[in-house]
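See structure below.
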Amino acid sequence: MRRLRLWNAIAFCAVLVLAVGVVSGVFAKTNDDAPTVLTNYVDALNAGDIDAASALTSYPNAARDTMAQAFDALQPESVHFDVNQIIDLDLESGMFNAVATWDLGNDRTWTYNVDGWVRHLSVGWRVSWNPDTFMPGVGNGRTVRLDRTDAAPPTVFDIAGRPMMTEQTINAVRLDPTRTGDPIASSIALAKAIEPVAPLITAEELQQEIASSNGEPITAVNLRDGDFAVLEDDLRAVPGVVIESTPRLITIDRRVYGPVVDAMRGVWQANRDQTQGWAINSVDPGGQVTRLTGHQGPPGPDIRSTIEPRMQMAAADAAVSVGTPAAVVVMQPSTGAILAVAQNNQASEVGSIAFTGTYPAGSAFDLVRTAAQAQGVDVEQAAKQLGIGLRYTIPDLDQQTVAFAGDGPNLMRGTADRGADEDVQVSPFGMALVAASVARGAPTVPIIAAGQPATTSEEITQLPAQVTDQLRGIMRSTVHGGPAQLLAGWGDLVGATGAHGDDRWFYGSKGDLAFAVFVEDADGGDLAVKVTDRLFKALAKPSD
């Protein structure tokens, strides 16, 4: 009897174990069928859970790598896979169709269809891994990437409507010391090869750059296509020379250069950015690119700048005539157009001093002080009536006109006490605005590109007419019988001198031109006046 009870107990346990197994199998089956696995797979993709999604495929490692590369490259804001249909083929396999939508932000959406299989494997139901089931153009060494596209580049015209700047290929001639067994010999050969277009670049300078480059390539010179075509054979024959060609916006006439020309590159780039397109490309192991999707709209409009090339070259000629930092700014009072801005190499080593360099105004601010005293107002208010301190915002141009101590708009200063505002600092651009405002009789709103004038939240007011006439009289006397008599022969030219320490200023107007000249650490008290004379002599020369 005891033995019978023992067998009965064993049998009962066996039945219990069997029952538990059956029940477990039932529950496992409800979580491991084709629809459930497929649902879990797309839910994981939609959540960006690459680990979970790849684990539900027949080849998790390969799936994870492909999915990770696509998510990293595209950086989607959201992904949505939606299963349209599942077809049971037999107890071990089925087919499905889904639609995938990738939202990349900024109105960039990619939608495509995928077809795939689900199969019952030894580990349960799985999505049969095929890269095309996830995304076209991936797998087998192929990757995807999101690229910017651009329409045809706009042309930048000068103020008269003539083409001035276009996108052209620039060839950077670089010397890589790791690609030559004798860097010294290569530097000598390279200096000789570029001598026809860059005679000032010597082998010694190249060797110094190599010595301080920590083995990195150095750039010897940047060449336009025309120059490069002439020198290419000689350049490529130099061991270690590497040529890197890139498109860049440059002036058609290389003699036209300066800070305002540089600013036009920002205007041009903003135009490009506003019209940029996009593309998702598939790249095979050999670098072959295949476009999968994308959009590119029409090009942006061409750009009309305010630059007058002949004026720009004349300003550059005047600025480079001195050996210390110097800047020249020329404007059109009637329109605010900035016609020319130039500075010499000594100034450019510091930065764009014509626009952003502020220097102690000294006696250059006497006209502003006079305007303030004539009205019984503070100097800052008079400065705004003369176009500076208005906190202009000019698209794609960094600039500053004036800086008062504390830079506070509500500071009151004595109108007759020069020592109260002797800490005023001004930029050459600021003083050109003063000259333009006196010539115009009201503050001039600056502009460097048609349709994009400066803006300000400040209230713009003008001087009383009698005060403007008083300032014009002072400027006329400065040229005719005053310290700027050198300029008396230039007809209706009027202006004002200024000094602080060894720095010299001259600013004024002639017809519909207003200008400012600044020379730092000048060798001679009338040097700014002499630079102004050179400016108008250059303008008087016959054009090429």
Side-chain angles (χ1 to χ4, degrees), residues 23-147 278-285 289-295:
V23 171
S24 299
V26 170
F27 281 110
K29 185 175 182 180
T30 59
N31 288 300
D32 187 24
D33 55 26
T36 301
V37 166
L38 190 56
T39 297
N40 292 340
Y41 170 75
V42 298
D43 286 349
L45 286 176
N46 294 344
D49 190 344
I50 296 170
D51 289 336
S54 60
L56 294 171
T57 69
S58 60
Y59 196 172
N61 290 337
R64 186 183 299 107
D65 290 345
T66 299
M67 293 175 182
Q69 191 279 319
F71 272 87
D72 288 344
L74 303 185
Q75 293 291 309
E77 291 190 358
S78 67
V79 175
H80 187 72
F81 280 75
D82 186 22
V83 177
N84 289 330
Q85 187 178 29
I86 303 175
I87 302 174
D88 291 328
L89 298 180
D90 52 46
L91 295 177
E92 301 295 323
S93 63
M95 296 178 60
F96 70 91
N97 171 265
V99 176
T101 301
W102 292 66
D103 183 355
L104 309 181
N106 298 321
D107 297 322
R108 299 172 300 177
T109 302
W110 183 23
T111 300
Y112 55 86
N113 284 283
V114 293
D115 295 310
W117 292 74
V118 286
R119 300 185 188 279
H120 189 267
L121 307 178
S122 60
V123 292
W125 284 93
R126 292 291 186 269
V127 176
S128 186
W129 174 247
N130 182 324
D132 288 341
T133 300
F134 167 68
M135 178 183 288
V138 298
N140 301 315
R142 297 176 300 171
T143 58
V144 291
R145 73 184 188 204
L146 176 61
D147 292 330
W278 61 281
I280 296 177
N281 290 315
S282 171
V283 185
D284 70 17
V289 176
T290 302
R291 187 175 185 272
L292 302 176
T293 189
H295 173 73

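Summarising the geometry, atom CZ belonging to Arg145 is positioned 11.0 Å from atom CG belonging to Leu292; distances are rounded to the nearest 0.5 Å. The CG atom of Asn40 sits 6.0 Å away from the CG atom of Leu56 when rounded to the nearest 0.5 Å. To the nearest 0.5 angstrom, Thr109 atom OG1 is 11.5 Å from His295 atom NE2. Considering CD of Gln69 and CE of Met135, their distance stands at 8.5 Å, rounded to 0.5 Å.
Between Asp132 and Val138, the shortest heavy-atom distance links the atoms OD1-O, 4.5 Å. Across every non-hydrogen atom of Ser282 and Gly137, the tightest pair is OG-O, 2.6 Å. Closest non-hydrogen pair, Ser54 versus Ala63, comes out as CB-CB, 3.9 Å. Contact record, Val118 with Ala34: CG2-CB, 3.8 Å, taken as the closest heavy-atom pair. Nearest heavy atoms, Val79 versus Pro76: CG2-CG, 3.6 Å.
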Residue pair Ile280, Leu104: steps toward the side-chain contact (heavy atoms from CB on, under 4.5 Å) verdict: CA-CA 11 Å; Ile280 296 177; Leu104 309 181; 3.7 Å; yes
Do Leu45 and Met67 pass the side-chain contact (heavy atoms from CB on, under 4.5 Å) test, and can you show the C-alpha distance, the side-chain angles, and the key distance before you say yes or no? CA-CA 9 Å; Leu45 286 176; Met67 293 175 182; 3.9 Å; yes
Test side-chain contact (heavy atoms from CB on, under 4.5 Å) on Arg108 and Leu146; report intermediate values, then the result. CA-CA 11 Å; Arg108 299 172 300 177; Leu146 176 61; 3.5 Å; yes
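Annotation: side-chain hydrogen bond (donor to acceptor under 3.5 Å, both in side chains) contacts of Trp278 (sequence neighbours excluded): none. Ala52 is linked by a side chain to side chain contact (heavy atoms under 4.5 Å, CB included) to Ala44, Asp49, counting only residues two or more places apart in sequence or in another chain. Residues meeting the ring pair (Phe, Tyr, Trp, His ring centres under 6.0 Å) test with Tyr59, sequence neighbours left out: none. With sequence neighbours left out, Pro136 forms a side chain to side chain contact (heavy atoms under 4.5 Å, CB included) with Trp110, Tyr112. With sequence neighbours excluded, the residues forming a side-chain hydrogen bond (donor to acceptor under 3.5 Å, both in side chains) with Thr101 are Thr111, listed by chain and number. Remark: Asn130 engages no residue in a side-chain hydrogen bond (donor to acceptor under 3.5 Å, both in side chains) (not counting sequence neighbours). Judged as a side-chain hydrogen bond (donor to acceptor under 3.5 Å, both in side chains), and not counting sequence neighbours, Arg291 has no contacts. In this structure, Asp43 has no salt bridge (charged side-chain N to carboxylate O under 4.0 Å, His left out) partners at least two apart in sequence or on a different chain.
Screening residues 118-144 for ring pair (Phe, Tyr, Trp, His ring centres under 6.0 Å) gives His120-Trp125 as the qualifying pairs, with residues at least two apart or on separate chains. Pairs of residues two or more places apart, or lying in two chains, never qualify as salt bridge (charged side-chain N to carboxylate O under 4.0 Å, His left out) while including a residue from residues 112-130. The salt bridge (charged side-chain N to carboxylate O under 4.0 Å, His left out) contacts involving residues 58-68 comprise Asp51-Arg64, where partners must be two or more places apart or lie in separate chains. Counting only residues at least two apart or in different chains, salt bridge (charged side-chain N to carboxylate O under 4.0 Å, His left out) contacts with residues 71-91 are absent.
Phe81 and Trp102 have perpendicular rings, their planes meeting at more than 60° on a 0 to 90° scale where under 30° would count as parallel.
A 4.5 Å side-chain heavy-atom check between Asn97 and Asn113 finds at least one atom pair inside the cut-off.
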